Amino acid sequence: MIGKHYILTGATSGLGKSILTLLLEKQAYVTVLVRHPEKLKSLHQYLDKTRLTIVTCDLQSQSEILNLKHTFQGQSIDGIIYSAGLGYFKAIDQHTNSEMLETYTLNVINFNLLLNTLQPFLVSQCKIIGIGSQSAFLTQAYAAHYGASKAAFNQVLNALRIERPHYHVLTVNTGPIATPFHEKADPSLSFAKKYKHLMLDPDYLAKQIIDGMITGKTEINAPKWMHVLLRFYQLSPRLIEKYFTFLFKNKA
Ligand SMILES: NC(=O)c1ccc[n+]([C@@H]2O[C@H](COP(=O)([O-])OP(=O)(O)OC[C@H]3O[C@@H](n4cnc5c(N)ncnc54)[C@H](OP(=O)(O)O)[C@@H]3O)[C@@H](O)[C@H]2O)c1
């Protein structure tokens with residue numbers, strides 16, 4: 001990774017922040033796309049920030065993303081790590097129109113826009129890392145738009161892997177992580193408190209992701225036991241939803 005240039009989103013918080021720390025430790029050059037650059041001030045003092053470039057970009061804004069073609073003119077990019085994401089844990093009819101649009105725009109649509117915009121600058125064997133979610137693989141009552149957006153994101157990454165065989169596409173299907181994500185998803189924090197014991201450590205997951213980038217993994221499914229359970233669920237999802245409905249209401 002030494003000397004490689006990666007574009008990272010979501011670097012101001014949670015998993016993205018942990019990934020940024022590790023990339024800089026690995027002596028990669030990192031350009032972060034952030035909407036609140038001031039949030040990065042708290043980055044650990046001991047980190048060498050000479051290889052960090054901060055570009056202000058609101059990933060909800062199509063025009064700001066399209067403008068990046070000027071920012072990266074003449075540069076070469078070895079990979080994109082898309083960690084920005086959001087969701088709302090509430091019923092379908094409780095989402096406002098803007099919450100629904102925000103979810104799909106950030107989680108899937110503008111990832112595609114960013115990919116298209118940066119395509120001319122990507123090296124032929126670049127890495128595309130998408131932070132997805134285990135919620136892509138099971139029915140998400142009370143988080144339907146989040147689950148649907150992550151399922152769509154997953155499909156895009158899987159297709160990209162086939163369409164661009166020279167790319168290394170790594171999908172990270174993660175269960176709950178102990179990050180500020182939950183403060184926005186469910187301000188009551190009832191889900192976060194109830195499942196505190198299951199939450200993954202963002203630093204540990206970030207290390208798995210960096211290792212996966214180095215070793216050429218195509219998927220990281222964490223935690224593994226959740227991935228295995230979801231495989232069984234896939235054998236007969238409607239039947240399981242009918243008889244174990246309570247399991248699908250954990251975000252209510
Ligand atoms: N935490 C979980 O339990 C969990 C579970 C499964 C999957 N995931 C996925 O993991 C990824 C990382 O999430 P996290 O837990 O680290 O969440 P987080 O702590 O809330 O971080 C989300 C990041 O996305 C950025 N972001 C949001 N909207 C943006 C916008 N319009 N423009 C630019 N950046 C924007 C945020 O920037 P600001 O600092 O400016 O808000 C923040 O840096 C997400 O894709 C999430 O869906 C999380």
Side-chain angles (χ1 to χ4, degrees), residues 7-22 30-43 54-65 67-68 80-89 98-99 101-111 113-114 129-138 140 143 145-154 156-157 170-187 189-206 208-209 220-223 226-227 230 250-251:
I7 309 300
L8 172 66
T9 72
T12 48
S13 177
L15 181 60
K17 201 170 184 172
S18 299
I19 293 173
L20 173 61
T21 307
L22 287 180
V30 188
T31 301
V32 292
L33 306 179
V34 297
R35 58 180 171 171
H36 297 306
E38 68 283 358
K39 280 194 175 179
L40 285 172
K41 276 196 189 134
S42 65
L43 207 67
I54 301 172
V55 171
T56 306
C57 177
D58 181 349
L59 293 168
Q60 292 285 353
S61 161
Q62 297 203 355
S63 61
E64 288 188 28
I65 294 174
N67 264 331
L68 293 173
I80 301 171
I81 302 152
Y82 199 85
S83 187
L86 65 81
Y88 294 97
F89 293 174
S98 70
E99 286 170 343
L101 290 169
E102 242 185 89
T103 305
Y104 291 103
T105 303
L106 181 68
N107 293 359
V108 63
I109 296 170
N110 282 358
F111 161 75
L113 204 64
L114 182 67
I129 318 302
I131 311 304
S133 170
Q134 296 281 2
S135 66
F137 306 113
L138 83 162
Q140 289 289 303
H145 295 305
Y146 180 63
S149 69
K150 288 296 184 182
F153 184 52
N154 204 279
V156 169
L157 292 171
L170 167 59
T171 316
V172 180
N173 301 313
T174 170
I177 321 166
T179 69
F181 172 91
H182 298 278
E183 291 161 22
K184 188 163 187 181
D186 167 24
L189 289 179
S190 63
F191 177 86
K193 284 179 196 152
K194 197 169 168 191
Y195 295 97
K196 197 174 171 210
H197 59 292
L198 296 182
M199 295 269 176
L200 297 168
D201 172 17
D203 291 336
Y204 181 71
L205 184 57
Q208 283 185 293
I209 294 167
I220 291 173
N221 294 291
M226 195 177 281
H227 178 63
L230 288 174
N250 62 1
K251 291 194 172 91

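When a ligand or atom number is given, it counts from 1 through the structure's own listing order. Atoms considered below: every heavy atom in the structure, side chains included; atoms not considered: hydrogens, waters and symmetry mates. A quick note: this is a predicted structure, and the numbers were derived from the prediction, not measured.
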Which distance, rounded to the nearest 0.5 Å, do you find between the [atom1] of [X] and the [atom2] of [Y]?
X      : Y      : atom1 : atom2 : value
Leu40  : Ser13  : CG    : OG    : 10.5 Å
Ile129 : Leu8   : CD1   : CG    : 10.5 Å
Ile80  : Leu33  : CD1   : CG    : 8.5 Å
Asn110 : Leu59  : CG    : CG    : 7.0 Å
Lys193 : Asp186 : NZ    : CG    : 9.0 Å
Ser61  : Asn67  : OG    : CG    : 8.0 Å

Which atoms from ligand 1 have a heavy atom of [X] less than 4.0 Å away?
X      : answer
Cys57  : 32 (N), 33 (C)
Gln60  : 31 (N)
His182 : 1 (N), 2 (C), 3 (O)
Gly14  : 16 (O), 19 (O)
Pro176 : 3 (O)
Ile131 : 9 (C), 10 (O), 11 (C), 45 (O)
Thr174 : 6 (C), 7 (C)

Residue portion contacting ligand 1 (non-hydrogen atoms closer than 4.0 Å) for [X]:
X      : result
Lys39  : side chain
Lys17  : neither
Lys150 : side chain
Ala178 : neither

Would you mind checking which non-hydrogen protein atom is closest to [atom], with the distance to 0.1 Å?
atom                    : value
atom 47 (O) of ligand 1 : Tyr146 OH, 2.7 Å
atom 19 (O) of ligand 1 : Ser13 OG, 2.6 Å
atom 14 (P) of ligand 1 : Thr179 OG1, 3.5 Å
atom 34 (N) of ligand 1 : Leu59 CD1, 3.9 Å
atom 22 (C) of ligand 1 : Gly85 O, 3.8 Å
atom 16 (O) of ligand 1 : Leu15 N, 2.8 Å
atom 13 (O) of ligand 1 : Ser83 O, 4.0 Å
atom 2 (C) of ligand 1  : Ile177 N, 3.3 Å

For this session: Looking only at distances, please establish whether an N/O atom of ligand 1 is found under 3.5 Å from an N/O atom of Leu106.
Result: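 Checking ligand 1 against Leu106, no N or O pair falls under 3.5 Å apart.
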Exercise. Based purely on interatomic distance, does Arg35 place a nitrogen or oxygen under 3.5 Å from a nitrogen or oxygen of ligand 1?
Worked result: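 The answer is yes, given that Arg35 and ligand 1 share an N or O pair closer than 3.5 Å.
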Does ligand 1 have an atom under 4.0 Å from some heavy atom of [X]?
X      : value
Ser61  : no
Ala185 : no
Val34  : no

Problem set entry | Where His182 and Ile177 come nearest, the two heavy atoms and their spacing | NE2-O, 3.1 Å
For this session: With sequence neighbours excluded, tell me which residues meet salt bridge (Lys or Arg N to Asp or Glu O under 4.0 Å) with Glu183.
Result: none
Are [X] and [Y] close enough that some pair of their side-chain heavy atoms sits under 4.5 Å apart?
X      : Y      : result
Asn173 : Ile220 : no
Lys184 : Leu86  : yes
Val34  : Ile54  : yes

Problem set entry | Backbone N/O of Ile131 and side chain of Lys150: donor-acceptor pair under 3.5 Å |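 Between the backbone of Ile131 and the side chain of Lys150 there is a qualifying donor-acceptor contact (under 3.5 Å).
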Exercise. Between Ser18 and Asp203, does any side-chain donor sit less than 3.5 Å from a side-chain acceptor?
Worked result: yes
Exercise. Which residue from Val32, Asp58, Thr12 reaches closest to atom 30 (C) of ligand 1 through any of its heavy atoms?
Worked result: Asp58
Exercise. Would the Tyr146 and Tyr104 ring centres measure less than 6.0 Å apart?
Worked result: no
Problem set entry | Listed once per pair and sorted, the side-chain hydrogen bond (donor to acceptor under 3.5 Å, both in side chains) pairs that draw on residues 80-89, sequence neighbours left out |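 side-chain hydrogen bond (donor to acceptor under 3.5 Å, both in side chains) check on residues 80-89 returns Tyr88-Glu102.
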